[in-house]
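Letters A, B, ... are given to chains in the order of the sequence lines, protein chains preceding strands, and every chain is numbered from 1. In this text the structure is predicted, and so the values were computed from the model without any measurement.
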Amino acid sequence: MKEKELRRTLAVLPIGTAMKLTDLSARQIRYYEDQGLIHPQRNEGNQRMFSLNDIDRLLEIKDYLSEGMNIAGIRYEFEEKKRKSKLSNQQNHVQPLNDDDVRRILREELMQTGGLEGPDHQIPGFFHKKPL
DNA sequence: ATTCTCACA
DNA sequence: TGTGAGAA
């Protein structure tokens, strides 16, 4: 589910294709870029190269505009989306520990406590289930 | 043939 | 936002 995201960010479409895909004029597309609504990459010849995500973005801009929203409003919407996105990626969503993580944490624990003895370091259902 | 930047009768 | 000029 990650390989697919990478492909969507590949900038392989020239502005001419973006125009046909979005039914926007080159003038409009460049203007939206000036307004910070899209950030297409540039190739060796300084030509804008759009990714599928850029195309989706242009389509969204078109919809917002048709619904009466102004450029500043759209820019704010995108900023909000980015803010929420970063918030959910860091603090929240704590990935569950895998087996390697558990082994590492256990090893570090043992290193500083010096061993398994002591009721405080007994882990219920782990060391007792399969005695050496 | 395409796209880029800049400027405006 | 459209359009045309001059360059790449």
Colleague: Distance check: side-chain N/O of A:Y32 vs OP1/OP2 of C:dT1, anything under 4.0 Å?
Modeller: yes
Colleague: Examine A:Y32 and A:M69 and state if one hydrophobic cluster contains both, with Ile, Leu, Val, Met, Phe, Trp and Tyr joined whenever side-chain heavy atoms are less than 4.5 Å apart.
Modeller: yes
Colleague: Take the protein atom CG of A:N43 and the nucleotide atom C1' of B:dT3, then report the distance between them rounded to whole Å.
Modeller: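 Going from CG in A:N43 over to C1' in B:dT3 covers 9 Å.
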Colleague: Can you tell me the distance, in whole Å, between the CD atom of A:Q41 and the P atom of B:dC4?
Modeller: 14 Å
Colleague: State whether A:D56 and A:R8 are salt-bridged, where the test is any N-O pair (Lys NZ or Arg NE/NH1/NH2 against Asp/Glu carboxylate O) under 4.0 Å.
Modeller: yes
Colleague: To the nearest Å, give me how far apart CZ (A:R42) and C1' (B:dT5) are.
Modeller: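 Taking CZ of A:R42 and C1' of B:dT5, I get 10 Å after rounding.
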Colleague: Can a salt bridge be assigned to the pair A:R57 and A:E60 using a cut-off of 4.0 Å between side-chain N and carboxylate O?
Modeller: no
Colleague: Taking CG from A:N46 and C1' from C:dA7, how many angstroms apart are they, rounded to a whole number?
Modeller: 12 Å
Colleague: How close or far is atom P of C:dG2 from atom CG of A:L24, stated in whole angstroms?
Modeller: 10 Å
Colleague: Does OP1 or OP2 of C:dG2 have a side-chain N or O of A:S25 closer than 4.0 Å?
Modeller: yes
Colleague: Hey, any chance A:L52 and A:V12 share a hydrophobic cluster, counting ILVMFWY side chains that come within less than 4.5 Å of each other, even indirectly?
Modeller: yes
Colleague: Picking from C:dG2, B:dT3, B:dT5, which would you name as closest to the side chain of A:I15?
Modeller: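 Output: B:dT3.
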Colleague: Under 3.5 Å, is there a donor-acceptor pair linking the side chains of A:D63 and A:S66?
Modeller: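 No, no side-chain donor-acceptor pair sits under 3.5 Å.
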Colleague: I want to confirm an ordering. Mapping A:R27 and A:T17 to their closest nucleotides on DNA chain B, which one lands closer to the 5' end?
Modeller: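 Its nearest nucleotide lies further toward 5', so the answer is A:T17.
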Colleague: Contact class for A:R30 vs. all strands (heavy atom < 4.0 Å): base, sugar-phosphate, or nothing?
Modeller: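 Counting heavy atoms under 4.0 Å across all strands, the contact made by A:R30 includes a base.
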Colleague: Does the structure show a Watson-Crick or G-U wobble partner for C:dA7, both distances under 3.5 Å? Name it, or say none.
Modeller: B:dT3
Colleague: Just how far, in rounded Å, is P of C:dT1 from CG of A:D34?
Modeller: 12 Å
Colleague: Let me spell it out: for each of A:I71 and A:Q47, pick the nucleotide of DNA chain C with the closest heavy atom. Which residue's pick is nearer the 5' end?
Modeller: A:I71
Colleague: Once you apply a heavy-atom cut-off of 4.0 Å, does A:G16 come out as touching a base, just sugar-phosphate, or nothing?
Modeller: sugar-phosphate
Colleague: Rounded to whole Å, how long is the line connecting atom CD1 of A:I29 with atom C1' of C:dG2?
Modeller: 15 Å
Colleague: When both hydrogen-bonding distances must be under 3.5 Å and the geometry is Watson-Crick or G-U wobble, what is C:dG2 paired with, if anything?
Modeller: B:dC8
Colleague: Rounded to whole angstrom units, what separation is found between the CD atom of A:Q28 and the P atom of B:dT3?
Modeller: 16 Å
